[in-house]
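Written below as C-alpha cells is the structure these notes are about.
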Amino acid sequence: MLRGYDEEEMIQLEQRHRTSGMNSRFAGTGLSFADYVRQTRAMLRVIRADTVVDGNAPFELLPVGDDHRGRAKPFRRGILLTHGLSDSPYHMRHLAAFFQRNGFRVMALLLPGHGTQPGDLLDVHWREWARTVAWGVDCLAAEVDELYLAGFSAGGALSVRQAASDARVRGLFLFSPALEITARARWANLHKLYSGFVPAAAWLNLLPDADPYKYESFCKNAAAQMYALTQTLPRGGMDIPVFAAASAEDATVHAMATLRFMQRVRHPLHHLVWYAREALTGQNLEWVNSHLPGQHILSSAHTAIVMAPEDAHYGAHGDYANCLHYFAEEPARYTACMARADGWGEVLPELLAPGVLRRLTWNPHYAALETSMQRFIGELP
C-alpha cells in the first residue's frame with residue numbers, strides 16, 4: 001500500500017505530483033552567480049507563491065568585517081552551501097549567516113528538482129546535482145583564495161564527492177551527511193516497469209506538502225538517485241580539514257557511516273560533533289547529550305542539526321510541526337501531534353512508542369555548534 005493515501009486515492013495524483021517541466025536540469029551554465037540567482041527566482045515565481053520564493057531560492061552573502069580581503073582575489077575565504085534531498089536553501093540560512101559573520105564569501109545553491117514541486121524529482125538525475133555543485137565551485141573559485149564546501153544531508157555527499165576530485169577545495173563542513181542510505185533504495189526505480197499505467201506507484205509517500213521549504217511527498221526516483229550518488233563517493237580518507245556534525249539517532253541516513261568517514265580522515269585537523277543519547281569518546285570527537293528530558297527532547301534527529309531554536313518556521317516555537325510519520329497509518333495520532341506533542345526526537349520505533357512524538361526540527365545545542373565551528377575555523381591552516 002502506498003503510504004499516505006488509501007487505495008481509491010492512490011490514482012488521484014495532484015498537479016504538484018507531476019513535473020513542472022522547468023526544473024529537472026541545471027540551467028546556470030554560462031551565467032554569473034548573481035544572474036543564476038535572478039534566473040532561478042524568476043522560475044520559482046512561475047510555480048510558487050511569492051511569499052515562499054525567498055526561502056526556496058539560491059542566494060549569496062558578502063563577508064562581514066575587515067579581515068576578509070584576499071591576496072590575489074577579492075576575498076580570502078569562501079564557502080559553497082548545498083542543501084539536502086527534498087529540501088531548499090532555507091535550511092542553510094543559519095549556517096550562511098554564521099559563515100558570513102566569520103569572514104566568508106557565501107554562495108548557496110538550489111539543486112535541480114528542488115524548491116518547486118515534488119514532481120520535479122521524478123525525472124531528475126544525480127549528475128545534474130553534481131553539475132550544479134561543480135559549477136558553483138567554479139563561480140566561487142573566481143572570487144576567493146581559499147574555497148570550502150558545506151553540505152547538509154545529500155548536500156554533504158555532493159560536497160565530499162566534489163572535494164575528492166577538486167584540489168581547489170581546502171576543507172569540508174558536513175551536517176548529517178548522507179554518505180550511506182538503505183540498500184533498498186537501489187531498487188526504487190523498478191516502479192518504471194509499471195508506473196506508466198499506475199502513476200502513483202512512482203511514489204513512496206503522498207503527503208500534504210504543507211511545508212513550503214521542504215517536499216513532504218517523496219518519489220522513488222529521488223531515493224534511487226540518492227543511492228546512486230552514494231555509490232560514487234570516495235572510499236579512502238580525505239587529506240583536507242573536515243568538520244562534521246551528526247545525530248546517532250537518524251531515520252534518514254546511516255549515521256554510523258559519518259563516524260567511519262571521520263575516522264578515515266588523514267588530515268590532522270578534523271572534528272566530529274556527535275549528538276547521541278549514549279556517551280561516546282574518541283579522538284577529535286565531541287559528544288553532545290541529545291536526551292534533554294527537561295525540554296521533553298528524547299533525542300536529536302537528522303532534521304535538527306542545522307536549525308537554530310529561534311527559527312521562525314522550524315524552531316522551538318516555529319509555525320511548523322513535523323508529524324508526517326503518523327499521517328498514513330495513525331490519523332488520530334497525526335491530528336493529536338499537530339495540536340500538541342508529548343516530546344520531540346527522531347522517528348525511531350523505540351522513541352515513537354511511549355507517546356505522541358514530533359520529529360525534532362531544531363538543534364537545542366545550535367549555539368554550541370557554532371562555537372565548535374568557530375574554534376575549528378580558527379585552527380584552519
Side-chain angles (χ1 to χ4, degrees), residues 3 82-87 91-92 94-95 150-160 172-186 188 204-205 211 214-216 218 222-223 226-227 229-231 233 242-264 271-280 282 285-292 297-309 314 322-326 341 343-354 357-366 368-369 372:
R3 290 165 57 194
T82 307
H83 62 79
L85 184 61
S86 78
D87 293 341
H91 294 254
M92 309 305 288
H94 294 286
L95 292 175
F152 170 61
S153 194
L158 288 161
S159 297
V160 169
L172 288 167
F173 292 81
L174 308 174
F175 305 90
S176 301
L179 304 178
E180 291 182 17
I181 64 171
T182 175
R184 294 193 302 272
R186 177 190 311 180
L204 287 169
N205 297 305
D211 188 345
K214 178 179 176 63
Y215 301 154
E216 295 176 347
F218 191 73
M226 188 65 238
Y227 181 81
L229 169 61
T230 64
Q231 299 309 292
L233 299 181
V242 182
F243 179 96
S247 171
E249 287 76 41
D250 192 316
T252 300
V253 306
H254 291 169
M256 293 302 293
T258 300
L259 199 61
R260 293 191 293 270
F261 174 86
M262 294 301 290
Q263 290 169 344
R264 295 196 302 270
H271 187 77
L272 171 62
V273 179
W274 184 250
Y275 300 92
R277 292 177 293 166
E278 298 182 3
L280 184 66
L285 187 148
E286 176 185 349
W287 170 64
V288 179
N289 187 355
S290 62
H291 183 212
L292 305 173
I297 293 175
L298 280 65
S299 77
S300 188
H302 180 84
T303 47
I305 303 300
V306 299
M307 204 61 64
Y314 294 110
N322 190 327
C323 300
L324 299 171
H325 41 288
Y326 296 126
W344 289 261
E346 186 55 285
V347 288
L348 299 173
E350 64 270 25
L351 299 179
L352 286 169
L357 180 82
R358 285 183 183 173
R359 195 177 194 191
L360 188 65
T361 54
W362 77 92
N363 184 350
H365 302 285
Y366 183 79
L369 175 65
S372 295

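Computed from heavy atoms alone, side chains included, the values below leave out hydrogens, waters and symmetry copies. All residue numbers refer to positions in the sequence shown, counting from 1.
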- request: Quick one: closest heavy-atom pair of L233 and A178, and the distance?
  value: CD1-O, 4.3 Å
message: The test is side chain to side chain contact (heavy atoms under 4.5 Å, CB included); show your working for L357 and Y326 and say whether it passes.
response: CA-CA 9 Å; L357 180 82; Y326 296 126; 3.8 Å; yes
- prompt: So which heavy atom on L352 is nearest to which on H325, and how close?
  reply: CD2-CD2, 3.5 Å
- request: Using modelled atom types only, decide if a donor and an acceptor are shared between the side chain of H91 and the backbone of K214 within a distance under 3.5 Å.
  value: no
Closest contact, heavy atoms only, Y275 versus A245: CE1-CB, 4.2 Å
query: Is a side-chain donor or acceptor of T303 paired with a backbone partner of L360 at a separation under 3.5 angstrom?
result: yes
message: Run the ring-ring contact (aromatic ring centres under 6.0 Å, His included) test against F152 and tell me which residues pass, sequence neighbours left out.
response: H302
field: Residue pair L174 / G156: nearest heavy atoms and the distance that separates them
entry: CD2-O, 3.7 Å
D250: partners by salt bridge (Lys or Arg N to Asp or Glu O under 4.0 Å), with sequence neighbours left out: none
task: Could you tell me which residues satisfy salt bridge (Lys or Arg N to Asp or Glu O under 4.0 Å) with E180, sequence neighbours excluded, listed by chain and number?
output: R260
field: By ring-ring contact (aromatic ring centres under 6.0 Å, His included) - contacts of H365 (at least two apart)
entry: none
- request: In sequence, state the C-alpha distance, the side-chain angles, and the governing distance for L179 and V253, and then conclude on side chain to side chain contact (heavy atoms under 4.5 Å, CB included).
  value: CA-CA 7 Å; L179 304 178; V253 306; over 6 Å; no
query: Looking at CD of Q263 and OG1 of T258, how far apart are the two atoms once the value is rounded to the nearest 0.5 Å?
result: 11.0 Å
- request: May I ask you to test the F243-V273 pair for a side-chain heavy-atom distance under 4.5 Å?
  value: yes
message: Before you tell me yes or no, could you show the steps for S290 and I297 under side chain to side chain contact (heavy atoms under 4.5 Å, CB included), namely the whole-Å CA-CA distance, both residues' side-chain angles and the distance that decides it to 0.1 Å?
response: CA-CA 8 Å; S290 62; I297 293 175; 6.0 Å; no
task: Using a cut-off of 6.0 Å, state whether more than 12 heavy atoms not belonging to E278 lie near its atom CD.
output: no
statement: CG (L272) and CG (L285) are apart, to the nearest 0.5 Å, by 5.0 Å
query: Using a distance-only test with no angle check, is there a side-chain donor-acceptor pair under 3.5 angstrom linking S247 and E346?
result: no
message: If you define the side chain from C-beta out and look only at heavy atoms, does anything of P364 sit under 4.5 Å from L292?
response: yes
Residues which pass ring-ring contact (aromatic ring centres under 6.0 Å, His included) with W274, listed by chain and number, not counting sequence neighbours: none
message: Checking L95 now: which residues fulfil side-chain contact (heavy atoms from CB on, under 4.5 Å) with it, not counting sequence neighbours?
response: M92, F99, F175, V306, Y366, M373
- request: Find the distance between CG (L259) and CG (L280) and round it off to the nearest 0.5 Å.
  value: 6.0 Å
message: Measuring from atom CG of L369 to atom CD of E286, what distance do you get when rounded to the nearest 0.5 angstrom?
response: 8.5 Å
message: Looking at every heavy atom in both T252 and I181, which two are closest together, and how far apart are they?
response: O-CG2, 4.3 Å
task: In sequence, state the C-alpha distance, the side-chain angles, and the governing distance for L85 and Y215, and then conclude on side chain to side chain contact (heavy atoms under 4.5 Å, CB included).
output: CA-CA 9 Å; L85 184 61; Y215 301 154; over 6 Å; no
Shortest non-hydrogen contact between A251 and V347, atoms and distance: CB-CG2, 3.8 Å
query: How long is the gap from OG on S153 to CE on M226, to the nearest 0.5 Å?
result: 6.5 Å
- prompt: Should I305 and S300 count as side-chain neighbours, where that means a heavy-atom distance under 4.5 Å?
  reply: yes
